[in-house]
Amino acid sequence: MRIATWNVNSIKQRLDHLAAFVKEAEPDVLCLQELKCVDEAFPRSEIEALGYNVHTHGQKTYNGVAILSKRPLEDIRRGLPGDDGDDQARYLEGVISTSSGIVRVASIYLPNGNPIGTPKFDYKLAWMDRLHAHAQHLLKQEEPIVLSGDYNVIPEPKDAADPSAWVNDALFQPESRAKFRELINLGFVDAVRACSDAPGLYSFWDYQMGAFQRNNGIRIDHLLLSPQAQDKLKTSAIRRDVRGWDKPSDHVPVVIELDIE
DNA sequence: ATGTCAGATAATATCTGA
């Protein structure tokens with residue numbers, strides 16, 4: 001089973017790229033972030049025509065996440081528990097059943113949190129606490145779980161081409177990184193890092209100042225695997241080439257292969 | 001600090017968020 005995550009930065013602007021990517025990569029499951037549209041405006045029929053079941057948790061203008069799956073998605077959860085007053089569409093979860101078992105998949109758009117020292121950063125940290133609590137709950141089921149998405153966290157200095165440029169950014173704050181580590185320490189593994197310790201693996205390049213041309217990137221899109229999913233991990237890959245397509249998202253897809261039929 | 005995008009509102013620009 002192939003599972004991918006991709007922050008598309010507007011699904012309407014990226015529909016052609018999405019079609020090209022799925023035809024080429026043929027993911028069984030594709031988690032999307034930053035749809036920037038409400039459920040009613042999501043290009044559902046176009047994506048169903050590509051062979052996917054479509055589940056969305058959309059929002060006007062901002063945020064919005066989706067899970068596209070060749071197989072049906074069940075036990076669907078929209079929104080992260082822990083704050084009934086949070087109306088930002090940043091979390092969608094479901095279960096896919098196969099002949100060789102199940103896998104629980106989440107599509108996550110973790111808050112950016114900039115600028116630091118404002119309520120936006122507090123919201124990011126509180127959201128990470130809620131994700132931690134929910135992940136802890138999920139782990140008790142002892143299932144293969146893949147928490148996929150744009151975490152807006154640079155885990156380590158080697159995950160940035162120029163770490164010094166990010167020291168005042170919410171994505172690289174000690175608090176953000178510590179909470180990401182605490183999530184990992186529950187028992188998850190970062191799928192890309194399970195396959196490679198190499199520096200220079202990035203999933204995002206800013207649109208500004210020719211960041212991609214200068215390879216001034218960061219790695220912030222992650223797939224975290226529960227122990228039962230780790231056991232089935234075969235490969236992981238970052239589709240850097242997609243950033244070179246015409247009118248790209250600022251993020252590229254990250255793809256893993258699990259030994260599940 | 002920002003040379004870029006995308007969406008919304010108002011308007012043929014300006015703002016917000018990333």
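Letters A, B, ... mirror the listed sequences (proteins, then strands); counts begin at 1.
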B/S/- along nucleotides 6-18 of chain B (protein heavy atoms under 4.0 Å) is SSSS-------SS

A:Glu46 meets the salt bridge (Lys or Arg N to Asp or Glu O under 4.0 Å) criterion, sequence neighbours left out, with none

Please verify the inter-ring angle class for A:Phe212 with A:Trp205; under 30° counts as parallel, over 60° as perpendicular, anything in between as tilted. perpendicular

Per-pair distances, 0.1 Å, donor-acceptor, side chain in residues 108-119 of chain A, under 3.5 Å, sequence neighbours excluded:
from     : atom 1 : to       : atom 2 : distance (Å)
A:Tyr109 : OH     : A:Glu34  : OE2    : 3.4
A:Asn112 : OD1    : A:Asn114 : N      : 2.9
A:Asn112 : OD1    : A:Asn114 : ND2    : 2.9
A:Asn114 : OD1    : A:Ala170 : N      : 2.9
A:Asn114 : ND2    : A:Asp169 : OD1    : 2.9
A:Asn114 : ND2    : A:Asp169 : OD2    : 3.3
A:Thr118 : OG1    : A:Pro115 : O      : 2.6
A:Thr118 : OG1    : A:Lys120 : N      : 3.2

Contacts satisfying ring-ring contact (aromatic ring centres under 6.0 Å, His included) that involve residues 19-58 of chain A (not counting sequence neighbours) are A:Trp6-A:Phe21

- Write down the distance separating the P atoms in B:dC15 and B:dA10, rounded off to the nearest Å. 14 Å

Side-chain donor-acceptor pairs of residues 182-196 of chain A under 3.5 Å, sequence neighbours excluded:
from     : atom 1 : to       : atom 2 : distance (Å)
A:Asn185 : ND2    : A:Arg181 : O      : 3.3
A:Asp190 : OD1    : A:Val192 : N      : 3.3
A:Asp190 : OD1    : A:Arg219 : NH1    : 3.2
A:Asp190 : OD2    : A:Arg219 : NH1    : 3.1
A:Asp190 : OD2    : A:Arg219 : NH2    : 2.9
A:Arg193 : NH1    : A:Ser196 : O      : 3.0
A:Arg193 : NH1    : A:Ala198 : O      : 2.9
A:Arg193 : NH2    : A:Asp159 : OD1    : 2.8
A:Arg193 : NH2    : A:Ala198 : O      : 3.3
A:Ser196 : OG     : A:Ala198 : N      : 3.0

If you measure from the P atom in B:dT16 to the same atom in B:dT2, how many Å do you get, rounded? 15 Å

Nearest-Å distance once atom P is located in both B:dT14 and B:dG3:
15 Å

So the ring-ring contact (aromatic ring centres under 6.0 Å, His included) pairs with at least one residue in residues 74-97 of chain A (sequence neighbours excluded) are A:Tyr91-A:His134

note: A:Asn216, atom CG; B:dG3, atom P; distance rounded to Å ~ 16 Å

Discussion item. Measuring only the P atom in each nucleotide, how far is B:dA1 from B:dC5? A whole number of Å is fine.
Written reply: 22 Å

Separation of B:dT4 atom P from A:Gln213 atom CD, nearest Å, is 11 Å

